[in-house]
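Notes to accompany the following structure.
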2 protein chains.
Amino acid sequence: MRAINRFNVLDTIRRAGSIARIEISDRTQLSTTTVSAITASLLDDGLILARTEGDLREAAARGRPRVMLELNPDAARVVGAKIAANRMVFVVTDFRGEVLSTLTLALRVDRQPIGVIADLIEDGVRRCVVDANLALDEIDSVCLGLPGVIEHRTGHVRTSPIFRETGIDFAKEMSERLGVTTIVESDAHAITLAHHWFGKARDLDDVVLVSLEQTLGLGVLHGGQLFRGAGGLSHNLGDLVLGMGPQGTVRLASLAGESAILGDQPSGRFAEAIRLGRGMAHAKTLIDAEDNALISAAIRAGEACGMALANIVTLFAPPRVILVGSSLALGQPFLDSLREAYSLAIPPSIKGVTELVFDQSTDETWAQGAAVVALRELYESPWGTTGPAPAL
Amino acid sequence: MRAINRFNVLDTIRRAGSIARIEISDRTQLSTTTVSAITASLLDDGLILARTEGDLREAAARGRPRVMLELNPDAARVVGAKIAANRMVFVVTDFRGEVLSTLTLALRVDRQPIGVIADLIEDGVRRCVVDANLALDEIDSVCLGLPGVIEHRTGHVRTSPIFRETGIDFAKEMSERLGVTTIVESDAHAITLAHHWFGKARDLDDVVLVSLEQTLGLGVLHGGQLFRGAGGLSHNLGDLVLGMGPQGTVRLASLAGESAILGDQPSGRFAEAIRLGRGMAHAKTLIDAEDNALISAAIRAGEACGMALANIVTLFAPPRVILVGSSLALGQPFLDSLREAYSLAIPPSIKGVTELVFDQSTDETWAQGAAVVALRELYESPWGTTGPAPAL
DNA sequence: TTAGTTAATTCGCATTCCGTTAAAAATACC
DNA sequence: GGTATTTTTAACGGAATGCGAATTAACTAA
């Protein structure tokens with residue numbers, strides 16, 4: 001009971017940024033007494049701070065001024081990372097999820113042996129922590145956002161474009177290397193939570209996010225919780241089947257995946273750009289220069305995405321869908337054909353239910369999302385509940 | 001707190017059918033003291049009954065025999081209904097969900113004005129209640145399972161093949177007519193809960209159900225709760241887009257919907273069978289007689305369903321998928337092609353996660369499922385909690 | 001200075017749950 | 001019939017929680 005209310009109060013403070021006790025009691029429907037008790041214990045545990053200034057009511061406010069409460073940034077530190085095929089981005093954040101330091105490594109880890117990848121990640125985490133003027137033992141938790149099908153609950157990576165192997169217990173591997181609790185999560189889930197905390201889903205507890213990167217991912221937020229499959233499985237949109245062609249199934253990835261759009265670029269400047277993770281940006285300049293092959297690839301991809309998107313909306317009927325990922329950088333041809341295919345494919349019965357939002361988040365935001373995954377688990381953990389009774 | 005524990009105890013009793021207090025305490029992790037208190041209050045409220053016989057331990061059990069507790073069938077009565085285009089099935093059930101009376105009306109309500117349909121439903125409910133030797137004021141709740149896109153929370157029918165109009169507040173309409181709380185729910189959601197309580201999902205809290213009837217529906221059970229879209233929206237699988245043809249989008253319904261399989265049968269015995277709701281059964285006999293047109297239609301439908309199914313599994317990754325509905329009656333050609341398309345389309349990364357189960361439920365089961373929807377809401381309502389404190 | 005206003009805390013009360021212990025109930029074994 | 005065994009109920013104390021009312025705190029307005 002207390003644990004639940006504690007979490008609710010903490011989360012209310014987080015959402016508000018800065019809020020008085022009365023206001024908390026208003027929003028959580030708890031009595032001011034209870035709120036006072038809980039906030040006292042949170043203050044005691046150092047999870048929140050009180051600030052006397054900052055009462056934002058009408059200037060001519062009478063009565064005892066409110067004491068604003070906010071998260072204590074120093075209550076915890078976590079590392080979040082976005083691991084992609086050609087780059088890794090690490091962030092260290094404080095308890096609020098604010099970024100303290102960032103590190104981007106432009107590396108092609110694609111299909112390297114696990115050991116190598118783990119080495120690189122370990123290195124990145126350590127360096128990013130040092131950059132934040134911290135030591136590793138001051139970090140409470142690490143979360144790695146990976147593309148592919150991730151089983152968050154068990155820490156297994158079922159399949160991922162960056163691994164040759166399948167079914168790796170990567171959470172355990174990295175936990176042991178770092179000596180810090182490390183969890184894994186789908187990169188799409190990470191960016192979904194990033195939007196929930198800081199981005200375009202701040203006002204919603206139900207939202208669907210589609211990530212169009214090298215891998216096509218999906219994040220479904222339902223009642224403020226990530227919707228995960230059995231075992232905490234993440235989804236892989238790229239595996240969606242769009243049709244049966246003569247040579248087997250046609251999957252979304254084969255039309256709208258990065259390599260499908262950019263094609264095989266054996267060498268040259270384009271290939272170089274792709275290797276550096278600027279494939280889409282380069283493609284955009286080529287499209288602006290009217291490269292017809294690319295334009296038609298972008299249109300095909302947009303149509304496929306629009307169709308898949310309509311199907312997802314048909315199934316989940318969220319009030320908002322957020323589209324993110326490097327493919328958005330393709331610009332007009334891609335976006336227009338996506339929108340058109342979507343509006344053609346969306347069934348009339350749920351027209352108007354869902355709003356489409358596009359967002360070009362930076363890699364840092366993705367990593368921040370991974371940090372949020374880690375923070376959420378910290379929030380929910382019993383912490384040092386002042387009293388003896390731990391959570392059920 | 002009490003309300004939660006009460007509900008848990010009640011649900012534990014329901015699941016077990018018949019269970020001793022000790023066993024409840026075991027399963028719910030509540031102390032025997034608490035269980036005793038709660039069961040006493042439940043007995044007091046007449047929601048459960050004690051039975052001395054029925055201790056199923058080893059015959060040579062010593063000590064005080066267990067007192068088995070079970071739901072009091074007479075604690076409540078609800079009506080559940082399945083409304084389809086060519087028939088209506090009503091059931092009256094007791095508090096346990098056991099059927100007390102059934103009524104099937106073979107009527108073509110398809111596209112009639114609302115008033116007419118409402119008249120027929122009202123009539124059916126009243127007759128079925130009378131058949132159970134009850135009066136309408138002894139009924140606690142009514143739930144109508146309808147095809148189409150239903151907004152359970154608001155009681156609105158967004159679109160349904162049986163209505164010409166869209167966006168009808170049908171729950172309100174029927175509540176007023178009957179003078180009994182009436183709720184609406186997607187028929188697919190109803191059958192999903194029926195399977196959860198009585199059928200092939202009794203052992204699971206996460207399952208996906210696909211209903212292949214005139215309309216293609218979907219029910220997703222997640223953590224024992226129905227997954228509903230925004231506003232309690234139900235899903236309509238038939239609206240899934242399988243591809244973009246020359247004349248616009250190709251939806252699943254156009255390949256695997258009833259009319260797509262059976263084709264336009266202007267007149268004759270087949271047309272008559274369809275009108276009577278035996279279209280699929282008749283089709284089966286024709287298929288057995290090697291009607292090539294029908295066989296290929298069934299195969300096309302099976303392929304489309306298998307593909308769509310694979311996509312759903314890709315998105316939800318449930319441990320089990322249950323397929324129900326009249327189309328299953330088509331037999332081999334349909335099922336084989338479905339299975340084949342499914343196994344072709346299912347991505348290797350989640351192979352083995354999901355088990356396919358086919359089930360030919362009777363219409364009565366669907367109606368029973370609607371009754372379950374009503375019962376679940378009764379279970380969760382505060383009831384006459386003995387103590388003063390109501391639910392939060 | 002005083003009265004008024006709003007915020008936060010303190011205090012007392014009721015509820016709920018758990019654990020322990022004990023007793024009562026209902027049967028089997030000897 | 002007595003004893004052992006097991007389930008259920010009952011009683012008491014302790015602890016945690018949440019709420020309402022009263023109280024204190026801090027400030028504004030006159």
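Predicted model only: the values in this text are computed from it and were never measured. So you know, we letter chains A, B, ... as the sequences are listed, proteins then strands, and number each from 1.
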Under-4.0 Å salt bridge between A:Asp45 and A:Arg6: yes
Between C1' of D:dT8 and CE of B:Met68, the distance in whole Å: 14 Å
Ignoring backbone atoms, establish whether A:Ser36 has a side-chain N or O less than 4.0 Å from OP1 or OP2 of C:dA8. no
Please report, rounded to the nearest Å, how far the P atom of C:dC17 is from the CD atom of B:Gln29. 15 Å
Step by step, work out the side-chain contact (heavy atoms from CB on, under 4.5 Å) result for B:His222 and B:Phe316. CA-CA 9 Å; B:His222 189 238; B:Phe316 292 101; over 6 Å; no
Atom pair distance, as rounded to whole Å: CZ in A:Arg6 and C1' in D:dG18: 16 Å
Nearest whole Å is fine: how far is D:dA10 P from B:Ile38 CD1? 15 Å
N-O pairing of B:Arg376 and B:Glu185 below 4.0 Å: no
d(CG, A:Asp44; C1', C:dT9) in whole Å: 16 Å
Of B:Thr39 and A:Leu30, whose closest DNA chain D nucleotide lies nearer the 5' terminus? B:Thr39
Name the closest nucleotide to the A:Pro65 side chain, picking from D:dT9, D:dA26, D:dT8. D:dA26
Gap separating the CG atom of B:Leu233 from the CZ atom of B:Arg153, nearest 0.5 angstrom: 9.5 Å
Using a strict cut-off of less than 4.0 Å between a Lys/Arg side-chain nitrogen and an Asp/Glu carboxylate oxygen, indicate whether A:Arg320 and A:Asp206 qualify as a salt bridge. no
Apply side-chain hydrogen bond (donor to acceptor under 3.5 Å, both in side chains) to the pair B:Gln368 and B:Thr365, showing each step before the final yes or no. CA-CA 5 Å; B:Gln368 202 184 7; B:Thr365 310; 4.8 Å; no
Given C:dA8, D:dG18, C:dC17, identify the nucleotide with an atom nearest to the side chain of A:Arg66. C:dA8
Does one side chain, of B:Thr12 or B:Arg27, offer a donor that lies under 3.5 Å from an acceptor on the other? no
How many angstroms lie between NE2 in A:His196 and CG in A:Leu226, if you round to the nearest 0.5 Å? 9.0 Å
Produce the list of close N/O pairs, under 3.5 Å, pairing protein atoms with atoms of nucleotides 19-22 of chain C; give distances to one decimal.
none

Can you list, in residue-number order, the parts of residues 19-27 of chain B that come under 4.0 Å of DNA chain D, counting heavy atoms only? B:Ala20, B:Arg21, B:Ile22
Using OP1 and OP2 only, check whether a side-chain N or O of A:Asn5 sits under 4.0 Å from D:dT17. no
Quick check for you: to the nearest 0.5 Å, what is the distance between A:Phe95 atom CZ and A:Asp74 atom CG? 11.0 Å
